[in-house]
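Remarks on the structure that follows.
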Number of protein chains: 4
Amino acid sequence: MGTQERKALEKQLRRSQILDAARLLLFSSGIDSVSISGIAGKAELGVGTIYFYFKNKEEIFAALQEEGLDLLYSKICKIIQNETAPEKQLAGIANAYYQFSEENKNYFDIINYFLSSPTVFFEQELKQQIDMSGHKILKIIQDTILSGIHQGIFEEDAPGRFSMMFWGTLHGLLHFKKLENTVLENENHLDLYEYSVNKLIEAIQCR
Amino acid sequence: MGTQERKALEKQLRRSQILDAARLLLFSSGIDSVSISGIAGKAELGVGTIYFYFKNKEEIFAALQEEGLDLLYSKICKIIQNETAPEKQLAGIANAYYQFSEENKNYFDIINYFLSSPTVFFEQELKQQIDMSGHKILKIIQDTILSGIHQGIFEEDAPGRFSMMFWGTLHGLLHFKKLENTVLENENHLDLYEYSVNKLIEAIQCR
Amino acid sequence: MGTQERKALEKQLRRSQILDAARLLLFSSGIDSVSISGIAGKAELGVGTIYFYFKNKEEIFAALQEEGLDLLYSKICKIIQNETAPEKQLAGIANAYYQFSEENKNYFDIINYFLSSPTVFFEQELKQQIDMSGHKILKIIQDTILSGIHQGIFEEDAPGRFSMMFWGTLHGLLHFKKLENTVLENENHLDLYEYSVNKLIEAIQCR
Amino acid sequence: MGTQERKALEKQLRRSQILDAARLLLFSSGIDSVSISGIAGKAELGVGTIYFYFKNKEEIFAALQEEGLDLLYSKICKIIQNETAPEKQLAGIANAYYQFSEENKNYFDIINYFLSSPTVFFEQELKQQIDMSGHKILKIIQDTILSGIHQGIFEEDAPGRFSMMFWGTLHGLLHFKKLENTVLENENHLDLYEYSVNKLIEAIQCR
DNA sequence: CATGAATGAGCATTCATTCAT
DNA sequence: TATGAATGAATGCTCATTCAT
C-alpha cells in the first residue's frame, strides 16, 4: 500500500513536472511556440512520456487553463472573505480580476487566448470541464449580488444576467489593455476599469 | 509625372488585387487556411510578387483588419443616421456590433486575432494606424453620448470613459458567445446582450 | 510434474488469451491498427507481459497467419469430403479459397502480408513452420490430382507441378481483385476466376 | 524560348533526380523505410523541394510503379517483335515477365507490393492512371492471342478472359518465389514456371 | 511472472520567406 | 518588377521495445 501510494504520488508529480514545463514555455515564448517536444525538453522527459500523462496537447492546455481559473477563484475567495458589504465585495472581485490579469498575466493570457480564438480548441467534454471552472467564479459573483439583494442593498430583477454582464464588462475592459497606447491614449486604464466597476455597482444599488 | 501617377495607381491596384484574393481565401476557409502561396495562386501572381507589395503576411492581415473596422464603422454610421434619439442610437450601435460579429464573423475574427495575440505583431506605426480605425468607432459612441447629454437625455460626468466602458462591455459579452452551451447554458446570449445594453443606457439616462 | 504440466498449460492459456486479443483487434480495425499496447489492453495484461509470451509483434502475426492457414485447410478438407469426383473436388478447393479470401479477408490479408513483404521477417525456423502450413494445403491439391489420375479421370505427367500451378493461378487471380474497376472493368471477377479454374481442370482431364 | 525549354528540362531533371533517390532507397531498404526526408537527403534536396515536385509520397510511389510497368511493357514489346509465331510470343511474354522479376526485382517488388497490400494506397484518379499502364500489358497478351486465333493456331471462346488468367498465373507463380526453400523445396522455380506457361499455351492450342 | 512507465526515433506534411534570374 | 524554385525548421503524434521493480 505504501508502494501504491508512492506510485500515485509519483504519477501526480510527473504531471506537475510536465505542466510546470508547459507553463514556463507558454509564459516565456507565447502560446504558438509551445510544442510538445519543447515541453519534453524543458521537463527533461521523452516526448512519448508526455503522451503517457496527457492524451493531447489540448489536454495540457486545458489543465493549465484550469489551473489559472482555480487560482483566480481562490484569489476572489480570499478577497470576498475580507469584505462583508456586498458592494465592497463586488469591487473586490473586480479588483481581484484586475490584479490577476497583471500579477498572473500568463494565466490571464492563456484563458483569454482560448476564449477569443475563433477556432475551437477543445472537444466537448474537455470544454465543459474547463467552463465549469469558470462557472464557479460566476457563481460567486451571483451569490454576492443575491446576498446584496437580500440585504436590501441591491435591487435587480435579473441577478443572473447582471452577474454575466458584470463579468463580461470586466473581461472586455481587461482585453482593451492592449489599446492603452493608441485608442486609450489619454486614459489611464486602471482608472477606466475602476470607473466602470463603480458604474456597474451603482446600477444595481438601491437609491 | 503621368508616369509616376500611373505607377502609383498600378501599385495600388496590385495591392487591392492581392487583398481581394486574401479576403476571398479568409472568408472561404477561415483564418488558419490563408497562406501566402494560396493568396498568390488566387491573385494569379507569383509568391515573390506578394512580398513586393506587402512586407509580411501579417501586413496583409492588418489591411484586412482595417477593412473590417471600416465596415463596422459604416454599419454603425448607417444605423446612427436612421435614429435620432441618442438612447436609440446607442442601442443601435450595440445592435450593429452584434450583427457584425455574426454576419461578418470573418472580419470579427481577424480583428480579435490581433487583439488577443499576446505577442506584438506590428511595428508601432502600423499598429497605430490600425488602432485609429478603432478610434473612429469609439468617437461615434462618444459623440452620441455627448449629444444625449446636450439634449438633456443623458447625464454623465465622464462621457469618454463611459464610451469605453460601453464598448468594452459589448466586446466582452460577444466573447462569451463561446460559453453559450456551458456557463451560459440557461441563458439566451442575445437576450443577455440586449439586457446589458439596456442596463448601460439606463445607467446614464436622467431620471 | 503436476506443477510443470500446469505451468505449461497456463503458459499456453496466456498465449491464447493474447492471440484472442490480437485477432479481435486485427479483425475489428485492420492490420495497421494492431499495436502491442492495444493487444495488451484488450487482453487485460501489461505490455511487458506480451513480450514474455511472444518475442515480437511479428511472432504474434505469424501465429495468426498459421491460424488462417489452418482455417483455410479445414475449409478445404470439408469441401473435399463432400465431393467424390476429383474434378469437382478441385473446383471445390478453388471455391473454398475464393470464399476464404472474401469471408476471411483478415486472415487472407495477413497471409499475404508476409508473402508480399520484401524483407524477411522470420528467422528460418519460424518461417519453415509457417510455410509447412501452406504445404499441407498444397498436399491436398496434389492428392486430389493423384487420385484423379488413378481413377483415370486426369492425365498428367507432373502432378506436383500442376498442383503448384493450380494454386499459383488461384493466388494470382485473387490478387487481381484490386483491378476490378480498372483493368478488369468489363469483367466480373468471380466469373474470371471460375473460368480459369475450369480451364485448368480441363487441361488435365482425359479427352 | 531557349530559356523556357531549359526550365522545363530542368524541372523534368529534378523529378528524375527525386525518383532516382526514391528508387534507390526503396530498393535498398524496403518500402517501409522510404521516408520523404530520406528521399530528400539522398537527392540532396530540401524536404520542401520534394513536395514542390510531387504532391504526395503516394505520387512518388505511383510514379515509380508506372516506371516499372513501362519498363516491363517495353521489355515485352521487344521480345514480341523478335518472334512471329503466337505461341512463341506468349512464351516470350512470360519469359520477359520472369526476367523482369529477376533483373528488375526492385520494380517487380514495388508493383507487387501495392497489388498485394490489403490497404488502399492510391486515390481513385491515381490508381486509374497506374492501372492503365497495366492495361497496356494485358492488351499485348490479348492481341497476341487474338492473332493466334486468326491464324488458326489458337482456339478460344473467351480470349479476353484467357489473357487475364494467363497473366494471373504468371503473377501468382512469381509470387511463390518466396516459398522456394520451404513449400517448393524439391522444385526448381523456373522449371515450374516454364511448365506452367507451356501448359497454358497448350490449353488454347488447336489440336 | 507481471507490470507499466519511459523512451526517442520516426513520420508526412506545411509554409513563410528568400533570392537568383 | 515579377517570378517561382528552393528551403528547412517545425509540428503533433505513434509505438515497438526495454527494464527496474
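Heavy-atom basis, side chains included; hydrogens, waters and symmetry copies ignored. Just so we're on the same page: letters track the sequence lines, and every chain starts at 1.
One atom, NZ of C:Lys57, and another, P of F:dT18, lie 14 Å apart when rounded to the nearest Å. A:Phe54 places its CZ atom 16 Å from the P atom of F:dT14, with the value rounded to the nearest Å. The NZ atom of D:Lys11 sits 12 Å away from the C1' atom of F:dA6 (whole-angstrom rounding). The distance from atom CD of C:Glu44 to atom C1' of E:dT3 is 15 Å, rounded to the nearest whole Å. Computed from coordinates, the D:Ile50 CD1 to E:dT13 P distance equals 12 Å when rounded to whole Å. Atom-to-atom, CD of A:Glu10 to P of E:dT3 comes out at 19 Å; the value is rounded to the nearest Å. What separates CD of D:Glu58 from P of E:dC11 is a distance of 18 Å, to the nearest Å. The CZ-C1' distance, from C:Phe52 to F:dC19, rounds to 15 Å in whole Å.
Remark: DNA chain E takes part in the stems E:2-21 with F:2-21, each of 3 or more antiparallel Watson-Crick or G-U pairs, criterion distances under 3.5 Å.
Within 4.0 Å of A:Thr49, counting heavy atoms only, lies at least one base atom of the nucleic acid. Counting non-hydrogen atoms under 4.0 angstrom, D:Ile36 reaches a base of the nucleic acid. Using a 4.0 Å heavy-atom cutoff across all strands shown, B:Tyr51 reaches at least one base atom of the nucleic acid. Contacts of C:Tyr53 with the nucleic acid, taken as non-hydrogen atoms under 4.0 Å apart, involve only primed sugar atoms and P, OP1 or OP2.
Phosphate proximity of E:dC1 to C:Lys7: present, with a side-chain N or O under 4.0 Å from OP1 or OP2. For the OP1/OP2 pair of F:dT17 and a distance below 4.0 Å, the side-chain nitrogens and oxygens of C:Asn56 include at least one atom meeting the criterion.
Between D:Ile60 and D:Ile50, the shortest heavy-atom contact is CD1-CG2, 3.8 Å.
Taking the nucleotide of DNA chain F with the nearest heavy atom to each of C:Val34 and A:Gly38, the more 5' of the two is matched to A:Gly38. Taking the nucleotide of DNA chain E with the nearest heavy atom to each of D:Gly48 and B:Gly48, the more 5' of the two is matched to D:Gly48. Between D:Ser37 and A:Arg14, the one whose closest nucleotide on DNA chain E sits nearer the 5' end is A:Arg14.
Side-chain atoms of C:Asn56 and C:Glu58 include no donor-acceptor pair closer than 3.5 Å. Between C:Arg14 and C:Gln17, the side chains place a donor N or O and an acceptor N or O closer than 3.5 Å (distance only, hydrogens not considered). In this model, a donor atom of one side chain and an acceptor atom of the other lie less than 3.5 Å apart for D:Ser133 and D:Glu66.
In this structure, A:Phe61 and A:Leu26 have side chains that are in contact, with non-hydrogen atoms separated by less than 4.5 Å. Using a 4.5 Å cut-off on side-chain heavy atoms (C-beta onward), A:Arg23 and A:Phe27 make contact.
Atom OH of D:Tyr107 is separated from atom CD1 of D:Ile110 by 8.5 Å, given to the nearest 0.5 angstrom.
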